[in-house]
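This report refers to the structure that appears directly beneath it.
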Amino acid sequence: MAKTLIDELRWRGLLFDQTEGAEAHLAEEKVTAYIGFDPTSDSLHVGSLLPIMALVHLQRYGHTPIGLVGGATGMIGDPSGKSKERNLLDEATLRKNVAGIRSLLAKFLDFNASANPAKLVNNYDWFGPLSFISVLRDIGKHFPMSTMLNKESVKRRVSAGGISYTEFSYMILQAYDFLHLFREEGCTLQMGGSDQWGNITAGSELVRRAADGKVHGVVMPLVTNSSGEKFGKTVDGAVWLSAEKTSPYKFYQFWLNQSDDNALQYIKFFTLITEEEYQALKAKHLAEPHLREAQKYLAGDVTARVHGCEALARVEKSTAALFGGDITELSAQEIEEVFQEAPSGQLSQAEAQEAGLLDAMVTVGMTKSKGEARRLIQGGGVSVNGQKQDNPQVRLNELNAIDDRLFVLRKGSKKYFLLRLV
RNA sequence: GGAGGGAUGGCCGAGUGGUUAAAGGCGACGGGCUGUAAACCCGUUCUCUUUUGAGUACACAGGUUCAAAUCCUGUUCCCUCCA
């Protein structure tokens with residue numbers, strides 16, 4: 001028997017739960033399926049990579065993937081997993097966010113495939129013209145109050161201080177998405193994170209009642225790291241998928257720094273590795289963990305898919321220079337790119353003549369005071385352009401600036417600061 | 001309403017008149033080891049400073065004293081027991 005999408009998800013650990021009959025349905029025919037994306041920001045972060053990959057797998061198995069951006073639902077706010085009422089986004093912001101997500105999804109999915117081209121829809125398109133009266137008459141009728149009140153997300157919120165009518169109605173909107181796509185696109189499957197289970201079953205319930213149709217749901221586990229923390233957050237904030245918000249270098253580093261367990265898990269989640277290749281890689285990694293084959297594979301694969309091969313080559317060069325290599329091999333321009341998000345400061349050429357290293361450290365914000373800067377140097381925690389500094393008295397003009405205009409100050413092993421001379 | 005206990009640095013927690021900027025632990029930061037890891041080991045951790053030095057600090061406000069986190073008075077907050 002040929003491998004099915006469900007089999008694929010299963011070995012990857014991406015199958016959390018499915019409605020009855022979903023597996024048979026996917027095995028028997030090519031289906032149209034959708035996943036919703038929340039447009040609360042103009043970019044998606046790595047947490048959204050999982051549903052994106054689910055769409056990719058769908059398409060690879062010959063099914064037709066639909067990405068749904070929640071232009072309308074985003075204006076309401078999903079109460080699932082939230083403990084507080086959400087702030088509502090205004091229309092202009094949402095429009096911008098929807099456009100950003102659209103361009104991002106385009107990197108992963110084939111919109112020109114002859115048999116099963118991917119599609120993108122925005123539920124604002126069908127909710128916009130819908131009148132309140134017709135919602136109450138045609139949709140609301142199919143929602144028994146008892147069912148809605150029994151939803152886990154609602155119960156939790158009611159006991160934890162309340163939920164507004166607006167957010168309470170969210171599940172109706174989301175369920176209607178499914179009904180609409182079932183009618184217009186013949187869509188018979190919705191996927192999502194396991195936190196979407198309630199919304200998905202509400203949708204299939206509505207399709208059954210309102211259109212007498214049988215539709216299915218498949219949910220994936222929520223990604224956490226091995227200690228159960230939320231995935232995709234670093235000390236500097238979320239890791240985004242757009243180069244403007246998270247530089248390719250930092251993106252690459254995020255994946256490269258995953259622990260062994262997580263790296264192996266994430267390879268199954270976020271790359272298209274085959275099961276055979278995976279087993280081979282895993283065996284190799286376990287035999288020689290210090291080589292970190294798993295992390296390198298993961299970082300390389302995901303970075304290439306999100307930012308392109310060219311960007312990957314650049315960040316690999318920078319990584320090699322920064323860790324083990326010589327930072328002075330990089331041009332000032334390359335350094336600027338690597339340290340796009342690094343804190344920085346600037347001094348005029350004249351000021352730099354006068355300034356010492358201590359002043360420079362305070363200028364770029366590495367330390368709050370010269371006293372602290374002095375202690376850090378004495379503790380051996382400071383290097384400039386890759387050279388460890390042990391003399392707090394050193395003047396800047398005794399050190400060589402890269403291309404006469406840039407100093408890379410490093411605190412500890414990974415915190416970088418840029419000092420520009422202007 | 002009655003009786004008692006307490007408030008110390010990011011957190012926990014010692015300290016009851018004089019080398020106490022305040023033990024110890026946690027956290028954070030730096031170093032070593034290493035795989036840009038985990039574990040472990042070492043160092044730093046009130047503020048400013050040209051390492052000497054100065055200024056603030058033990059709930060808040062006053063007071064006693066040459067000298068107070070430590071004693072006294074008042075205020076605020078917290079806890080326990082009794083009603």
Side-chain angles (χ1 to χ4, degrees), chain A residues 224-229 231 233-237 239 246-267 281-303 312 314-327 329-330 334-335 338-343 351 353-398 408-417:
Chain A
T224 56
N225 63 25
S226 52
S227 24
E229 288 157 351
F231 171 72
K233 299 273 192 258
T234 68
V235 282
D236 308 318
V239 178
T246 298
S247 71
Y249 171 77
K250 197 172 153 197
F251 185 82
Y252 180 84
Q253 288 288 324
F254 167 76
W255 297 104
L256 197 61
N257 282 320
Q258 295 296 332
S259 71
D260 295 1
D261 289 349
N262 287 337
L264 288 169
Q265 181 66 61
Y266 294 163
I267 284 174
L281 181 64
K282 183 179 176 183
K284 192 169 180 204
H285 183 81
L286 292 179
E288 301 176 287
H290 59 282
L291 295 180
R292 299 197 304 145
E293 294 289 342
Q295 282 91 339
K296 283 175 190 163
Y297 182 91
L298 175 67
D301 191 281
V302 179
T303 305
L312 175 62
R314 281 203 309 274
V315 300
E316 280 178 338
K317 180 186 174 189
S318 304
T319 296
L322 250 50
F323 296 95
D326 184 353
I327 194 169
E329 284 167 14
L330 298 176
E334 282 169 321
I335 286 172
V338 170
F339 299 116
Q340 190 181 317
E341 296 103 344
E351 285 170 321
Q353 285 302 312
E354 300 298 314
L357 178 55
L358 295 176
D359 302 298
M361 288 167 69
V362 174
T363 301
V364 299
M366 185 192 290
T367 58
K368 279 185 291 184
S369 70
K370 290 210 248 180
E372 190 185 339
R374 174 184 305 280
R375 282 194 295 272
L376 199 61
I377 292 171
Q378 285 165 344
V382 178
S383 65
V384 175
N385 294 343
Q387 294 281 314
K388 184 163 279 194
Q389 301 300 316
D390 52 13
N391 175 15
Q393 311 298 343
V394 72
R395 321 290 317 166
L396 270 187
N397 56 22
E398 297 170 46
V408 178
L409 309 187
R410 195 184 75 192
K411 172 190 181 188
S413 50
K414 283 187 214 167
K415 289 186 193 111
Y416 289 89
F417 300 81

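For clarity, every value in this text was computed on a predicted model and none was experimentally measured. Throughout, a chain's letter reflects where its sequence line sits, starting with A, and its residues are numbered from 1.
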Discussion item. Tell me which one of A:Arg410, A:Met361, A:Lys411, A:Lys388 satisfies side chain to side chain contact (heavy atoms under 4.5 Å, CB included) with A:Val382.
Written reply: A:Met361
Item to complete: Give a yes/no answer on whether the side chain of A:Lys415 brings an N or O atom under 4.0 Å of OP1 or OP2 in B:G30.
Response: yes
Practice prompt. Using the C1' atom on both, measure B:U19 against B:A68 and round to a whole Å.
Written response: 16 Å
Worksheet item: Expressed as a whole number of Å, how far does the C1' atom of B:U44 sit from that of B:G10?
Response: 15 Å
Item to complete: Report yes if a side-chain nitrogen or oxygen of A:Lys411 is closer than 4.0 Å to either non-bridging phosphate oxygen (OP1 or OP2) of B:G31; otherwise report no.
Response: no
Worksheet entry | Short side-chain N/O contact to B:G30 OP1/OP2 from A:Lys388, under 4.0 Å | no
Response to the item:
Taking a pair to mean Watson-Crick or G-U wobble geometry with both distances below 3.5 Å, B:A61 pairs with B:U73
Worksheet item: Taking A:Gln258 for the side chain and A:Phe254 for the main chain, is one N or O donor matched with an acceptor at less than 3.5 Å?
Response: yes
Item to complete: Could you tell me whether A:Gln393 contacts a base, only the sugar-phosphate backbone, or nothing, with contacts defined as non-hydrogen atoms closer than 4.0 Å?
Response: nothing
Discussion item. Please tell me whether A:Gln295 and A:Asp260 have a donor and an acceptor in their side chains that are separated by less than 3.5 angstrom.
Written reply: yes
Worksheet item: Rounded to whole angstrom units, what separation is found between the CD atom of A:Gln295 and the P atom of B:U34?
Response: 18 Å
Worksheet item: Could you give the CZ-to-C1' distance, from A:Arg374 to B:U45, as a whole number of Å?
Response: 17 Å
Practice prompt. Pick base, sugar-phosphate or nothing for A:Gly380, based on heavy-atom distances below 4.0 Å to the nucleic acid.
Written response: sugar-phosphate
Fill in: Between B:U51 and B:C40 - C1' atom distance, rounded Å
32 Å
Item to complete: May I have the distance from A:Asp261 (atom CG) to B:G35 (atom P), rounded to whole angstrom?
Response: 18 Å
Worksheet, complete the sentence: 5'-most contact on RNA chain B (nearest-nucleotide basis), A:His290 vs A:Gly371, goes to A:His290
Worksheet item: Quick one: which of B:U50, B:U45, B:G35 gets closest to the side chain of A:Arg375?
Response: B:U45
Worksheet item: Which one of A:Val338, A:Asn385, A:Leu330 satisfies the side chain to side chain contact (heavy atoms under 4.5 Å, CB included) criterion with A:Val408?
Response: A:Asn385
Discussion item. If I take atom OH from residue A:Tyr297 and atom CD1 from residue A:Ile267, how far apart are they, to the nearest 0.5 angstrom?
Written reply: 7.0 Å
Worksheet entry | Under 3.5 Å on both distances, the Watson-Crick or G-U partner of B:G43 | B:C29
Worksheet entry | Considering all heavy atoms, the nearest A:Ala299-A:Leu256 contact | CB-N, 3.8 Å
Worksheet, complete the sentence: Rounded to whole Å, the CH2-P distance (A:Trp255 to B:G35) equals 25 Å
Discussion item. Quick check on RNA chain B: between A:Leu256 and A:Leu358, whose nearest nucleotide comes earlier from the 5' end?
Written reply: A:Leu256
Worksheet item: Distance between the C1' atoms of B:U70 and B:A22, in whole angstroms?
Response: 12 Å
Practice prompt. Could you tell me the separation between the CG atom of A:Asp359 and the C1' atom of B:U50, rounded to a whole number of Å?
Written response: 11 Å
Worksheet item: Where the side chain of A:Lys370 is concerned, which of B:U51, B:U50, B:C48 is the nearest nucleotide?
Response: B:U50
Worksheet item: Expressed as a whole number of Å, how far does the P atom of B:G74 sit from that of B:A3?
Response: 14 Å
Worksheet entry | Complement of B:G18, any strand, by Watson-Crick or G-U distances under 3.5 angstrom | B:C66
Response to the item:
Across every strand shown, the nucleotide meeting Watson-Crick or G-U wobble geometry with B:U80 (both distances under 3.5 Å) is B:A3
Discussion item. When the P atoms of B:G1 and B:C71 are compared, how many Å lie between them, rounded to an integer?
Written reply: 28 Å
Practice prompt. Just compare B:U36, B:G30, B:U47 and give me whichever is closest to any side-chain atom of A:Lys368.
Written response: B:U47
Worksheet item: For the base of B:U45, is there a side-chain donor-acceptor partner from A:Glu372 under 3.5 Å away?
Response: no
Worksheet item: Hey, does A:Lys414 reach any base, or is it just sugar-phosphate, or nothing, if we go heavy atoms under 4.0 Å?
Response: base
Item to complete: Could you pull out the closest heavy-atom pair between A:Trp255 and A:Leu298, with the gap in Å?
Response: CE3-CD2, 3.6 Å
Discussion item. Under 4.0 Å from OP1 or OP2 of B:C48: is there any side-chain N or O of A:Ser369 that close?
Written reply: yes
Worksheet item: How many Å lie between CD on A:Gln378 and C1' on B:U50, as a whole number?
Response: 13 Å
Discussion item. Taking the C1' atom in each of B:C11 and B:G31, what is the distance between them to the nearest angstrom?
Written reply: 25 Å
Discussion item. If I take atom CZ in residue A:Arg395 and atom C1' in nucleotide B:U50, what distance separates them, rounded to the nearest angstrom?
Written reply: 11 Å
Worksheet item: A:Gln253 has a side chain; which of B:U36, B:U45, B:U51 sits nearest to it?
Response: B:U36
Practice prompt. Report the distance from atom OH of A:Tyr416 to atom P of B:G30, rounded to the nearest whole Å.
Written response: 12 Å
